[in-house]
*Asks:* 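Questions regarding the structure given below will be posed in turn.
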There are 2 protein chains.
Amino acid sequence: MRYEAVTIRDIAQALGLSTSTVSRALRDSHEISTETKRRVLEHARSINYQPNPIAVSLRERKSRSIGIIVSEIANRFFSEIINGVESVAIDRGYNVIIAQSLESAERELRQIQFLTSRSIDGLLVSVSNETEDTSLFKELHQKGLPIVFFDRVVQDIDTHKVIVDNTLGAFDATVHLIRKGYRRIALVTNVEGLSITKEREAGYRAAMHKHGIPVDDALIRHTRPGGQAEPEAAAIMSSLMGQEDRPDAIFATSDRLTTGCLRYLKKHNIQIPDEMALIGFSNSEITELLDPPLSIVRQPAFEMGTTAIQMLLELIESKRPVTQFRTQVLAAEHVFRQSTQSRDTERVKLR
Amino acid sequence: MRYEAVTIRDIAQALGLSTSTVSRALRDSHEISTETKRRVLEHARSINYQPNPIAVSLRERKSRSIGIIVSEIANRFFSEIINGVESVAIDRGYNVIIAQSLESAERELRQIQFLTSRSIDGLLVSVSNETEDTSLFKELHQKGLPIVFFDRVVQDIDTHKVIVDNTLGAFDATVHLIRKGYRRIALVTNVEGLSITKEREAGYRAAMHKHGIPVDDALIRHTRPGGQAEPEAAAIMSSLMGQEDRPDAIFATSDRLTTGCLRYLKKHNIQIPDEMALIGFSNSEITELLDPPLSIVRQPAFEMGTTAIQMLLELIESKRPVTQFRTQVLAAEHVFRQSTQSRDTERVKLR
DNA sequence: GCTAAATTCGGGAACGTTTGCGTAAATAAA
DNA sequence: TTTATTTACGCAAACGTTCCCGAATTTAGC
């Protein structure tokens, strides 16, 4: 099953030139006469010449492709990021190789090794929730592989990063709940070690403090490393509902956790927001169609993707080693809907 | 920014062997003594040797990577397919390069050219809804590039294909509506030229005929090529609601169309299913959380992905040209929920 | 003990490209 | 006219593999 290839040599022979001349002509070198260039270009397109990227990669020692690893592409948040990454990568002539860890540290390792063995020029990373050992990333970074972290970053590796303002995002969401009259606000959040978890928890705590509400640690729940979000969310909800002093609101900090909580509440016929308010991080486009329409914290995923790839290309295409790194922080958006209406007056008004 | 590489030559020099011997030892050739093999393997892993896939690709004239193009990866249906494709590709040592057409024929063309110029070994294709000119696919296919079509296939290219039983899937959904007492069933469907559109429309018509309900062509609406599904759905809904003899049920034939219709109905405060029933193709995992819980036709996307990649690898790894092609047909699943309850008795029972 | 065969290895070309270097011819400077 | 410089091109090496072919050594056959 071969797929015939027309090479630079074919052009050279057809025109009685050497391969080096043809190569230079195609790259518009100044040491080739305009007449020769014209002939080469013309003949090249007449036989539909396509340079062999593999040969170029071998020679140039770079592949013009970058890798991106996320926890799962079926998650709208990540697929939007990928869209952002792709949109600029394509324009810059880079190929994007997508990999997913599915929240498994082992799979993450394998995928990273796979990507790097494919000689990618750079790597975009959002770590899995199970990742503890970051030595591979450190090693790659030290060896000079350009890496940009996004969303879930690893703190102690000094490179470009792009995140959303998780602290403020969580702060504002919590304040919103407080203003709506909720007091016992449960935080259903990710694995404890994750950067995003810490930041969002910090925002939550700050909001509670600011409004003089004591933080009840029994209301702060993390998922377990490697666990799947939906069942984890259900287990946490079940535990929360089982305790004597139930929460009156839930703040879930990821897409899957949010839908997991919602599914639990509906399954157990717990009225939202009358018995329990719900707000969560989500990038789903149909949260307004849910029952009830969901209040959400939305992350600018596409933009996160474009800035991450831009930073990466900056590293890749830099002539000399970059030593000054920056962390770009994007703002989260909030959409408040019925799932966090206060129980009394306001909801009536809305109908 | 280089990333040091340890080559086969390093091993050869360290052990006082030739590169050819090392290469053969690594590939476990029979013409290398077990002792030499042992030394090579041992030293190779001690210095963490990784074969350069680019050099291998150049030499072998294949890249061990395949391309897949879908309309958009942020669509759950497609991301599930990609998951399926990836899951087997990884195990077989293949790399998956993902591209999206965003329903633009021009972008599709560019992406395909990009993929093929990256010397992929094979291509997985679901065409954009704007695609009319399939000559590129024909050309590639004729040149010997292994291609497998899935979901939206092109009819007149003879190669492996994998689809769901769209006709039966649509038939069953329509029958369900009829049984629930609906008679003026509108079909909100994709671009007319698409294979899936024709099949689903056929299923719809067959169901209507079987139950002796005359088909009103005014109730069959297609989106326009290149159009984005959500606004298209809204426009169609608006037109349907404007006509004198309104439908009493909507059957939408894609993920985005379904949510588009739902969004319209909710926005205009049309009660589902009392004023209008709704069923649609969807692979979203939260349709049961919608208001009302949505009846859906669900496609086995993951399985579609795995079978498509298996078929492709079969073509790629075949020793001699394959001439016998087959079309694998998977069954669609149905989940009937409140959005298609009949108006009277049954719904009361459910509460 | 001599030929034949098997075993084990090295030399070197090839994959398709880019690029340093060399060198004719053409042009400019002297 | 002679020399220096520019222009325009070719040669060949290199990127890291794989594999054809040949050759040296060992083993088998009789």
Side-chain angles (χ1 to χ4, degrees), chain A residues 1-41 43-44 47-65 93 95 116-121, chain B residues 1-41 43-44 47-65 93 95 116-121:
Chain A
M1 284 296 70
R2 284 306 336 297
Y3 181 49
E4 107 216 18
V6 23
T7 78
I8 225 172
R9 182 153 24 225
D10 298 332
I11 303 180
Q13 284 174 348
L15 268 49
L17 294 169
S18 73
T19 59
S20 44
T21 302
V22 174
S23 172
R24 273 183 268 253
L26 290 171
R27 323 196 92 233
D28 201 27
S29 161
H30 66 277
E31 46 180 345
I32 301 297
S33 70
T34 41
E35 169 59 12
T36 306
K37 280 185 194 167
R38 195 193 54 73
R39 290 176 59 214
V40 170
L41 269 319
H43 190 253
I47 62 174
N48 191 26
Y49 167 77
Q50 298 280 8
N52 181 328
I54 305 228
V56 177
S57 293
L58 181 60
R59 167 72 206 205
E60 307 274 88
R61 305 167 113 205
K62 54 186 184 192
S63 59
R64 281 195 92 79
S65 64
N95 179 15
T116 52
S117 82
R118 300 298 297 188
S119 351
I120 50 167
D121 296 344
Chain B
M1 283 294 70
R2 280 320 339 290
Y3 180 51
E4 107 216 18
V6 25
T7 78
I8 226 171
R9 181 152 26 224
D10 298 332
I11 303 180
Q13 283 173 349
L15 267 49
L17 294 169
S18 74
T19 59
S20 40
T21 302
V22 174
S23 172
R24 271 183 271 253
L26 291 171
R27 324 196 93 233
D28 200 29
S29 161
H30 66 277
E31 46 181 344
I32 300 297
S33 70
T34 41
E35 167 60 11
T36 307
K37 279 184 192 168
R38 195 193 54 73
R39 291 175 59 215
V40 169
L41 267 321
H43 189 254
I47 61 173
N48 191 25
Y49 167 77
Q50 300 278 10
N52 182 328
I54 304 225
V56 177
S57 294
L58 181 59
R59 170 70 209 203
E60 307 274 272
R61 303 164 118 203
K62 55 187 182 192
S63 60
R64 283 196 89 79
S65 64
N95 179 16
T116 51
S117 83
R118 299 298 296 188
S119 357
I120 50 167
D121 296 344

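Protein chains get the first letters and strands the later ones, always in sequence-line order, with residue 1 at the start of each.
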*Asks:* Kindly point out which of D:dC19, C:dT17, C:dT18 is positioned nearest to the side chain of A:Ser23?
*Replies:*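 Shortest atom-to-atom distance from the side chain points to C:dT18.
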*Asks:* Between D:dG16 atom P and A:Ile54 atom CD1, what is the distance in whole Å?
*Replies:*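 In whole Å, D:dG16 P lies 15 Å from A:Ile54 CD1.
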*Asks:* Other residues, nucleotides and ligands only: do more than 12 of their heavy atoms fall within 6.0 Å of CZ on A:Arg38?
*Replies:*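 Counting other residues, nucleotides and ligands, CZ of A:Arg38 exceeds 12 neighbours.
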*Asks:* If you only use heavy atoms from C-beta on, which nucleotide in D:dG16, C:dT17, C:dT19 is closest to the side chain of A:Arg61?
*Replies:*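 Closest nucleotide among those given: D:dG16.
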*Asks:* What is the distance from CZ of B:Arg27 to C1' of D:dT17, rounded to the nearest Å?
*Replies:*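 Interatomic distance, CZ of B:Arg27 to C1' of D:dT17: 9 Å.
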*Asks:* Mind calculating the distance between CG (B:Leu58) and C1' (D:dT18) to the nearest angstrom?
*Replies:*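 One finds 11 Å between C1' of D:dT18 and CG of B:Leu58, rounded.
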*Asks:* Grab the CZ-C1' distance between A:Arg39 and D:dA8 for me, whole Å please.
*Replies:*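 About 13 Å, once rounded to whole Å.
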*Asks:* May I ask you to verify if any side-chain N or O of B:Tyr49 is less than 4.0 angstrom from the OP1 or OP2 atom of D:dG16?
*Replies:*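 Checking D:dG16 against B:Tyr49, no side-chain N or O comes under 4.0 Å of OP1 or OP2.
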*Asks:* Show the distances under 3.5 angstrom between N or O atoms of the protein and N or O atoms of nucleotides 24-28 of chain C.
*Replies:*
none

*Asks:* Would you mind reading off the distance between A:Asn52 atom CG and D:dG16 atom P, rounded to a whole angstrom?
*Replies:*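 So the two atoms are 17 Å apart, to the nearest Å.
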*Asks:* Taking side chain as C-beta onward, heavy atoms only, is B:Ser29 less than 4.5 Å from B:Arg27?
*Replies:*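 No; the side chains remain at least 4.5 Å from each other.
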*Asks:* Would you mind reading off the distance between B:Ile8 atom CD1 and D:dT18 atom C1', rounded to a whole angstrom?
*Replies:*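 My rounded result for the distance is 8 Å.
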*Asks:* Has B:Arg39 got a side-chain atom pairing as donor or acceptor with B:Leu15's backbone, closer than 3.5 angstrom?
*Replies:*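 It does hold such a pair.
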*Asks:* Please identify which of these residues, A:Leu17, A:Leu41, A:Val22, meets the side chain to side chain contact (heavy atoms under 4.5 Å, CB included) condition with A:Thr36.
*Replies:*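 The single option meeting the side chain to side chain contact (heavy atoms under 4.5 Å, CB included) with A:Thr36 is A:Leu17.
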*Asks:* Testing the basics here: between A:Val6 and A:Ile47, what is the closest heavy-atom pair and its distance to 0.1 Å?
*Replies:*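 Scanning both residues completely, I find the closest heavy atoms to be CG2-CD1, 3.4 Å.
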*Asks:* Using a cut-off of 6.0 Å, state whether more than 12 heavy atoms not belonging to B:Lys37 lie near its atom NZ.
*Replies:*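 Yes, the 6.0 Å shell around NZ holds more than 12 heavy atoms from other groups.
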*Asks:* How far apart are the closest heavy atoms of B:Ile11 and B:Tyr49, and which atoms are they?
*Replies:*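 Minimum heavy-atom separation between B:Ile11 and B:Tyr49: CD1-CG, 3.9 Å.
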*Asks:* Of the non-hydrogen atoms in A:Asp121 and A:Lys62, which two are nearest, and what is the gap between them?
*Replies:*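 Of all heavy-atom pairs spanning A:Asp121 and A:Lys62, the closest is OD1-CB, 3.3 Å.
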*Asks:* Measure the distance from CZ on A:Arg9 to P on D:dA12 and round it to the nearest whole Å.
*Replies:*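 Spelled out: CZ on A:Arg9 to P on D:dA12 is 14 Å.
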*Asks:* Return the minimal non-hydrogen interatomic distance between A:Ser57 and A:Ser63, and the atom names on each side.
*Replies:*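 Minimum heavy-atom separation between A:Ser57 and A:Ser63: OG-CA, 3.4 Å.
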*Asks:* Assign a letter to each nucleotide of nucleotides 9-14 of chain C from its 5' end: B, base within under 4.0 Å of a protein heavy atom; S, sugar-phosphate only; -, no contact.
*Replies:* BBBBBB
*Asks:* Rounding to an integer number of Å, can you tell me how far A:Lys62 NZ sits from C:dT18 C1'?
*Replies:*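 Going from A:Lys62 (NZ) to C:dT18 (C1'), I get 12 Å.
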